[in-house]
Amino acid sequence: MYPSRRLFLGAAAALTALAVESGLAGSAAGATGKKHSDVANGGKPGSGRESFFTRSADGTLLAGEAQGDPAAPEILFIHGLRQSRLSWDKQFVDPALTGFRLVRFDLRGHGDSDKPASPDAYSDPDRWADDVAAVIAAAKLRRPILVGWSLGGHVAGTYLRKYGGSRIAGINLVDAVTKLSPDLLTPLAVSFAKTAVSHDLGERTAATADFLAACFHKPLTDIELQRMLVVNGMTERAVNEGFVKTATPDLEPVFQAYPGPVLLTHGVHDRLVRLAMSERIKALHADSRLSVYADSGHSPFYEEPARFGRELAAFTTASTRG
């Protein structure tokens, strides 16, 4: 166990500052689709990175970023539970992915996006699907690859369920939750489903720190862990409460019916989602490939980023050719 609880207090002050910054960012985004580039959006000078804001069908404001040639093959990254678009920082500076249009956004209830207080805003699969559709429209994506990590895999599935897969060139499921089943999730993940929504602040705080530690096999640096704890602490509690009550706990039939290619990425040491979850999709989908990462836990894109980038680049090139 990493010293996450000790570092949580150290991150608390940073959380306050980031929350204020987040509020300013949200207020600056009153106009749907308003864009900012480079330093204005947190990107490095000359990075060509643009931030954008768009509203989902129910009015929820979503914050996102894009970089790269708009005419290049496109990749849309969808982060996991209690995380943010910053999860993909390593991919946004990966030389293997410089030839692609990269887009990422904060899910509802996370990061700089709006945080509805009702669990109903997160239990309805169509809300998640509409969010992805809104981002695709705002970023002017033609036919992107969807990369869904953990909860992000579920979100990708809700999009396919409502909108179909004709506009999606391929899907990369990363330690993804495609079916809410005790047989496919670990006992630790099941316990977090209860403690992470506790109305006891102390219990919920400890669960947040422990959940984050469980996402990694390789130890994080103190700075990495503090930064991630800040982001985790920004997540609306109703996200957890709503998601576990989703009307679509099983999206396996949706992925089975998807006509495009699927790349399954999974860390051997995942302490939250069993490898069997990915193996089931592999068995159900004829045009799929499973890539297992021997030195990763729940976050292979972060723990083995060079390999992840190479495989995603190859998958995107093959899936968007012609």
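No experiment lies behind these values; they were computed from the predicted model shown.
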Are any side-chain N or O atoms of [X] and backbone N or O atoms of [Y], one a donor and one an acceptor, separated by less than 3.5 Å?
X	Y	answer
Ser299	Phe301	no
Thr316	Ala313	no
Glu74	Arg143	yes
Thr246	Pro249	no
Thr186	Arg271	yes
His298	Phe216	no
Asp106	Arg85	yes

As an exercise, state the distance from [atom1] of [X] to [atom2] of [Y], rounded to the nearest 0.5 Å.
X	Y	atom1	atom2	value
Asp69	Thr98	CG	OG1	11.0 Å
Leu151	Tyr122	CG	OH	11.5 Å
Arg280	Leu284	CZ	CG	6.5 Å

Sub-4.5 Å side-chain heavy-atom contact between Phe52 and Glu65: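 Phe52 vs Glu65: side chains apart.
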Side-chain touch Val174/Val147, heavy atoms, less than 4.5 angstrom: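 Yes, their side chains come closer than 4.5 Å.
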Check against side-chain contact (heavy atoms from CB on, under 4.5 Å), Ser291 and Leu264: CA-CA 6 Å; Ser291 183; Leu264 298 151; over 6 Å; no
Where Pro116 and Arg108 come nearest, the two heavy atoms and their spacing: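 Answer, listing the atom of Pro116 first, then Arg108: CG-NH1, 4.2 Å.
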Gly157 versus Val254, closest heavy-atom pair with distance: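 Closest heavy-atom pair between Gly157 and Val254: O-CG1, 3.6 Å.
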Qualifying side-chain hydrogen bond (donor to acceptor under 3.5 Å, both in side chains) pairs with a residue from residues 151-168, counting only residues at least two apart or across chains: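 Sorted result for residues 151-168: Asp126-Arg161, Asp130-Lys162, Asp130-Tyr163.
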Close aromatic pair by centroid cut-off 6.0 Å: Phe211 and Phe192: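 Phe211 vs Phe192: aromatic centres under 6.0 Å.
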Distance-only donor-acceptor check, side chains Ser296 and Glu304, under 3.5 Å: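 On atom types as modelled, these side chains qualify, holding a pair under 3.5 Å.
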Residues Ser198 and Asp200: side-chain donor-acceptor under 3.5 angstrom: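 Distance-only check fails for Ser198 and Asp200.
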Worked check of side chain to side chain donor-acceptor pair (under 3.5 Å) between His79 and Ser87: CA-CA 7 Å; His79 67 78; Ser87 297; 5.3 Å; no
Residues Asn172, Thr265; criterion side chain to side chain donor-acceptor pair (under 3.5 Å); working and verdict: CA-CA 7 Å; Asn172 181 196; Thr265 303; 3.1 Å; yes
